[in-house]
**Student:** 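Encoded as structure tokens, here's the structure I'll be asking about.
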Amino acid sequence: MASPQKINLLSVPFTALVDVIGRKSIDTVRYLLQLFIFSIRSLGAWRATGKVSHINRRSIVSQIIFSGIDALPVITIISLALALSVTAQFILLLQAFTTEKEVIRVITQIVAQEFAPLLSAIILIGRSGSAITVDLGNMRLHDEIQGLELLGIDIREFFVLPRMLGLAFSQFALAVYFSGIVMVFGVIFSALLDSPSNYKYLLLLLDAFTPSELLVFLLKNLLFGLIMGAVACFHGLRVEKSITELPQQTQQAIVNSLVLIFVFDGLFVIAL
Amino acid sequence: MNNSVSLQPVISATRAQPDCRTEQTLPPLSCDIHSGDHFFLMGLDHSVTLPYLRMLAGVEPPISGQIHILGTDYSASTQPQRQLMRQKIGFVMEGGPLMSALNGVENLLLAARYHQLGQEKELQEKAKNIIAEFPHQADYRDLPAYMSILQRRLLAIARPLMLDPQVLFIDNPFDGLDQHKRIIVARYISNLANQRKITLVVSSDDLYFAHSLAHRIIFCDHDEAVVFDNWQAFYQSERESIALLFKHEHISRDG
């Protein structure tokens, strides 16, 4: 008969916790590695062919129309609301105890450089990222993708790359549009709410950005778009046989895209 | 020399074992498929015939043995070579899935456009000619969801033809079709074999159609994968599984 083991009750939950954290960490690293390789290979598919074919150009353009142009009404409404609730309020509050330059600095740094890319990304993830995952997942379920592979069509080049590039371009364009509206209308709303003298901020906005800030803005938004596109396609193509995988993968794509966008945004702030 | 080239098989399998994605292993197959051959791949179990069909078509590599496709050792081939192979070896999946977001004609054009095989006008003309050969005329500019199963099946079989494949593999072309539609699809496949002179490898359990089309038969089951060079040899086989196939199809060995 085996001797009874002395169980330390405190140690059981602790080791279980360490076990769970360890497993989750390994899973996260593995996921990030797979996603990174998937993204690089997808971008490499373009390099391999050396040119964007007519059919891929069409695919990129339709992705830009769907993700960028079709999202303009919702972006306009949200940016106008933000202009009123955030930019105008910032101006009204800050101008009481700081210089005009500082007011503009806060608006460009927080509203244009942070809010605009993040909120555009959130809208794109909700609208386009989820749609891409569902679209590709459905095509996987109905063997449409395998049917194309059997015709010698490179799925990464045909499906993933146009979506990544389309989202990257759309994210950049929407963030520019979002920042423009949120700053300009923020000033206009503050002038309407407070004093017409606040229109002076419109002129100051013209000189508000340095070239390096513009470059960071460009890079950040392109990276956000690439991440969203890659995550959405990665999860869509992970769907295999069961229809129940589709909502699971869509949910994961949305959550993981959001987490990655916020983490990268934080990294940009630290790096710069 | 042209003669020596034509004697070389388009596809050659040497004791090649397909991957059936289970713990079970399937018996090896050796066969040569020459240009102009019409092969029928038969068996009692589709989960056995399908891995052989996929292996011969170069969709999946063998787990042992060798497959040479268009003179290239498949296992040693690179990814670009395999992608090029896919243009030369057409494969129509069971159920013939089409791209749901594209209409019928665009489904036909897709692969040729992707591989940039010609000017848009030429490709359109080619697609039009392919559709004109269908034994069932209808409007093929609808989305697949709005087409009949027969239209979808004909399009699925025709889709690789835009790439001018040297061999066309078709998996279970009559799946889900009623008798009337089976006859139309069978007529279309026969036309491809007899008029277009396409090398065909078809997997189906339809013995009547097989008899009307195939020169040679590959019979696969869990114990053995055998090639019969003519129907007489097939009918005279003493194998139990072949007897079961006849029984299943309710026909006598006299045909």
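These figures come from a predicted structure and were not determined experimentally. In what follows, chains carry the letters A, B, and so on, assigned in the order in which the sequence lines appear, proteins first and then strands, with residues in each chain numbered from 1.
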**Student:** Would you compute the distance between atom NE2 of A:His142 and atom CE of B:Met99 and round it to the nearest 0.5 angstrom?
**Tutor:**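 Nearest 0.5 Å value for the NE2-CE distance: 13.5 Å.
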**Student:** Would you mind telling me which of B:Gly95, B:Ala101, B:Ala111, B:Gly58 has the largest number of heavy-atom pairs within less than 4.5 Å of chain A?
**Tutor:**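 It is B:Ala111.
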**Student:** With a 3.5 Å distance limit and no angle check, can you tell me whether B:Arg86 reaches the backbone of A:Leu151 through a side-chain donor-acceptor pair?
**Tutor:**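 Here the side-chain-to-backbone pair does not exist.
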**Student:** Might you confirm whether atom CD of A:Gln251 has over 12 heavy atoms from other residues, nucleotides or ligands at distances under 6.0 Å?
**Tutor:**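 No - once you tally the heavy atoms of other residues, nucleotides and ligands closer than 6.0 Å, there are 12 at most.
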**Student:** Check the surroundings of atom CZ in A:Phe217: do more than 12 heavy atoms from other residues, nucleotides or ligands lie under 6.0 Å from it?
**Tutor:** yes
**Student:** Ignoring hydrogens, what is the shortest heavy-atom contact between A:Leu148 and B:Arg159? Give both atom names and the distance.
**Tutor:**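 Distance-wise, the nearest heavy atoms are CD2-NH1, 3.8 Å.
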**Student:** Of the backbone (N, CA, C, O) and the side chain (C-beta and beyond), which part of A:Asp154 lies under 4.5 Å from a heavy atom of chain B, both, or neither?
**Tutor:**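 Both parts, backbone and side chain.
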**Student:** Ignoring hydrogens and geometry, is there a side-chain-to-backbone donor-acceptor pair from A:Glu144 to B:Pro97 under 3.5 Å?
**Tutor:**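 Flag not set: sc A:Glu144 to bb B:Pro97 has no pair under 3.5 Å.
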**Student:** Within this structure, what is the CZ-CD distance for the pair B:Phe91 and A:Gln146, rounded to the nearest 0.5 Å?
**Tutor:** 8.0 Å
**Student:** Report, as yes or no, whether the 6.0 Å neighbourhood of atom OH on A:Tyr31 holds more than 12 heavy atoms from other residues, nucleotides or ligands.
**Tutor:**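 Enclosed: over 12 neighbouring heavy atoms sit under 6.0 Å from OH of A:Tyr31.
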**Student:** Is atom CZ of B:Arg196 surrounded by more than 12 heavy atoms (other residues, nucleotides or ligands) closer than 6.0 Å?
**Tutor:**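 For B:Arg196, atom CZ is crowded (more than 12 foreign heavy atoms under 6.0 Å).
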**Student:** Assess whether atom CD of B:Gln119 is packed by more than 12 heavy atoms of other residues, nucleotides or ligands within 6.0 Å.
**Tutor:**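 No, because the 6.0 Å sphere around CD of B:Gln119 holds 12 heavy atoms or fewer from other groups.
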**Student:** Picking from B:Ser100, B:Pro165, B:Ala156, which has the most non-hydrogen pairs under 4.5 angstrom with chain A?
**Tutor:**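 Most heavy-atom pairs within the cutoff with chain A belong to B:Ser100.
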**Student:** Measure distances from B:Glu94 to the heavy atoms of chain A and classify the residue's part below 4.5 Å as side chain, backbone, both or neither.
**Tutor:**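 Neither part, no heavy atoms under 4.5 Å.
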**Student:** I need the B:Arg82 CZ to A:Glu149 CD distance, nearest 0.5 Å.
**Tutor:** 13.0 Å
**Student:** Assess the residue pair B:Leu110 and A:Phe158 against the criterion (side chain to side chain contact (heavy atoms under 4.5 Å, CB included)); give the C-alpha distance rounded to whole Å, side-chain angles, the decisive distance to 0.1 Å, and a yes or no.
**Tutor:** CA-CA 11 Å; B:Leu110 179 66; A:Phe158 186 68; 3.5 Å; yes
**Student:** Rounded to the nearest 0.5 Å, what separation is found between the CG atom of A:Asp143 and the CG atom of B:Leu98?
**Tutor:** 11.5 Å
**Student:** More than 12 foreign heavy atoms under 6.0 Å from CZ of A:Phe264: is that the case here?
**Tutor:**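 No, because the 6.0 Å sphere around CZ of A:Phe264 holds 12 heavy atoms or fewer from other groups.
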